[in-house]
Every structure is written in structure tokens, then in C-alpha cells.
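A, B, ... follow the sequence lines: proteins, then strands. Residue 1 opens every chain.
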Amino acid sequence: MRYVPPADVAEALRVQEELRSRVDLVGPGPTAPATVAGLDVAYAESGDRLAAAVTVLDAATLAVVDEAVSVGRPAFGYVPGLFAFRELPALLAALDRLAVRPDLLVCDGHGLAHPRRFGLACHLGLVTGLPTIGVGKTPLVGAWTEPGPRRGDWSPLREGDEVVGRVLRTRDGVRPVFVSVGHRMSLDNAADRVLALTPRYRLPETTRTADRLCRRALAGAAA
DNA sequence: GCGACAG
DNA sequence: ATCTTGTCGC
């Protein structure tokens, strides 16, 4: 099955509008998944080439049990709010090459914490049918108060009256990450899963392994 | 009208 | 995302 990227911004907005209603924001999703996958993309300095990687980890040991990469070109310009269209094709290609179907996807970008409540994590969840959560390193939308200084401390990420995510401290004294629901997950469960993936570093182990893999793939791929 | 703006 | 020097700390 092939993915056809939108021709322009107007079409991308229409696609988001059409898909957003199908997202499952309740879940609650798996509380004890056997495997969890991380996805990330690295770009060549020229910006015309990219590598997408997926790593599947044993949720208990955090050991990598499967991985796949896909090298290609960005499918869309970088437009905040339409970010998913850029990386989705390559990410889906990498997912297709997996031998193991993971129980949960951890995306490097927001889910519900998006201007139209349909970030990369939502889009990826809807397309794959898998539970997904979004973990952003920097905010895209919303307001929050600084969470406490210890691992596990958090504060709600709000936009107007709605809670669109959670500002979560994954390690003592380090900058928090921005967790939001992607698809088929509750926010509470999403935050718990992120904490389970951060026994040592700020970012989830899934994101870290995927990041290393796509960088390696980009460096090793022929121009 | 002027900034801000996931990766 | 990627480009970048040094610096602080284990």
C-alpha cells in the first residue's frame, strides 16, 4: 500500500481535518506492553535526504529486539503543524520492514498537543492502527507551569480549557519533556510508559536507539 | 500588523 | 533537523 503525500498546504490541512475525528483519545492502551517501538528521522545537511529508523525494544529489559531503516527524501516542506507529512512516508516504509509488530509506538513529536489536535503521533497511530504516544523535546502549543524538580513531577499542558498533554520531568533536575496522547492511549498511561522508558536519560530509550540507528543509516547510505 | 512555530 | 567551542562533571 503506498502513501501519497498532499500536493500543498491546503490539501494537507484538509487531510488533517478529515482524519482527526477518527483518533481514539481514550485508550487506555497497554499498561504492560511486551514490546515498545521508537521512531526517529535524521536529515543530511543538504536537507534533501533523510533516514527514518524504527527500533523495537523489549519493554521489560529495554533491549533492542528488532529494527529497520528507510532512506529517502522529505515528502513535504517543514511547516510547523504539518510536520507529519514530511516524515510519514519514510517512517511507514521503515515500519513495513519490521519483523515484529510492536505493541506501542513512541514518536519524536507531539500527538494531541498540536494546533488542530492531530500531530505526528496521532497521524502515525491512525495509519498503523497501533497505540501511539508523542514525546516532544520542545513545546508546539499550550501553556504550563514549571513542574517540580524530581523525576515523575509534572504539570498539565493546557490550551484554553483543554488539557492537551503533560509536561513531565523524566530525570531529577533536567528539562522536562512534553508528553501527549497519539492514538488509543490515555494521558496517564502515556506518562507512565514514558517514565518506564527513562530509567537513565531524559529521553525515552526508544527514541535514543532510533536516533542512533537513523544517523548511522544516513552516514552509511550512498549519496 | 507582529512574533511564534514539533523535527 | 543541522551547524558549532568550550566547559563542567562523572
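- Among the protein residues, A:Ala113 comes within range of no part of the nucleic acid, since none of its heavy atoms lies under 4.0 Å from any strand.
- Relative to the six-membered ring of A:Tyr43, A:Arg49 misses at least one condition, a distance below 6.0 Å or an angle of at most 45° to the axis.
- A salt bridge does not link A:Glu205 to A:Arg200: none of the charged side-chain nitrogens sits closer than 4.0 Å to a carboxylate oxygen.
- Checked against B:dG7, B:dA6, C:dC3, the side chain of A:Glu45 finds its nearest nucleotide in C:dC3.
- Going from atom CG of A:Leu140 over to atom C1' of B:dG3 covers 15 Å, rounded to whole Å.
- Taking atom CD1 of residue A:Ile133 and atom P of nucleotide B:dA6, one finds them 20 Å apart after rounding to whole Å.
- Nucleic acid contact class of A:Gly81 (heavy atoms, under 4.0 Å, all strands): base.
- Between the CD atom of A:Gln16 and the C1' atom of B:dA6 there is a distance of 12 Å, given to the nearest Å.
- In terms of heavy-atom proximity, A:Ala210 sits nearest to A:Gly38 at CB-O, 3.6 Å.
- In this structure, A:Asp48 places its CG atom 18 Å from P of C:dA1, rounding to the nearest Å.
- Between A:His123 and the options A:Phe76, A:Phe85, A:Phe83, a ring pair (Phe, Tyr, Trp, His ring centres under 6.0 Å) holds for only A:Phe85.
- Taking side-chain N and O atoms only, A:Thr138 has a distance below 4.0 Å to OP1 or OP2 of B:dG7.
- For the pair A:Glu87 CD and B:dG7 C1', the interatomic distance rounds to 5 Å; values are reported in whole Å.
- One finds a side-chain N or O of A:Lys137 lying less than 4.0 angstrom from the OP1 or OP2 phosphate oxygen of B:dG7.
- Considering only side-chain N and O atoms, A:Tyr78 lies under 4.0 angstrom from the phosphate OP1 or OP2 of B:dA6.
- Closest non-hydrogen pair, A:His183 versus A:Leu130, comes out as CD2-O, 3.7 Å.
- For the pair A:Asp172 and A:Arg151, the salt-bridge criterion is not met [side-chain N within less than 4.0 Å of a carboxylate O].
- Rounding to whole angstrom units, CZ of residue A:Arg86 and P of C:dA1 are separated by 12 Å.
- Rounded to a whole Å, the CG atom of A:Asp108 is 11 Å from the P atom of C:dT2.
- Under a 4.0 Å N-O distance rule, the pair A:Asp40/A:Arg212 does not qualify as a salt bridge.
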Watson-Crick and G-U pairing of DNA chain B, under 3.5 Å, as dot-bracket with | and [ ]: .......

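- A salt bridge does not link A:Arg14 to A:Glu17: none of the charged nitrogens lies less than 4.0 Å from a carboxylate oxygen.
- Among the atoms of the strands shown, base atoms are found under 4.0 Å from some heavy atom of A:Leu120.
- Counting any heavy atom pair closer than 4.0 Å across all strands shown, A:Phe83 reaches a base atom.
- The residue A:Leu82 sits close to a base: some heavy atom pair falls under 4.0 Å.
- Residue contacts shown for A:Pro115 are absent, as no nucleic acid heavy atom lies under 4.0 Å away.
- One interatomic measurement links the two molecules: CZ of A:Phe178 to P of B:dA6, which rounds to 11 Å at whole-angstrom precision.
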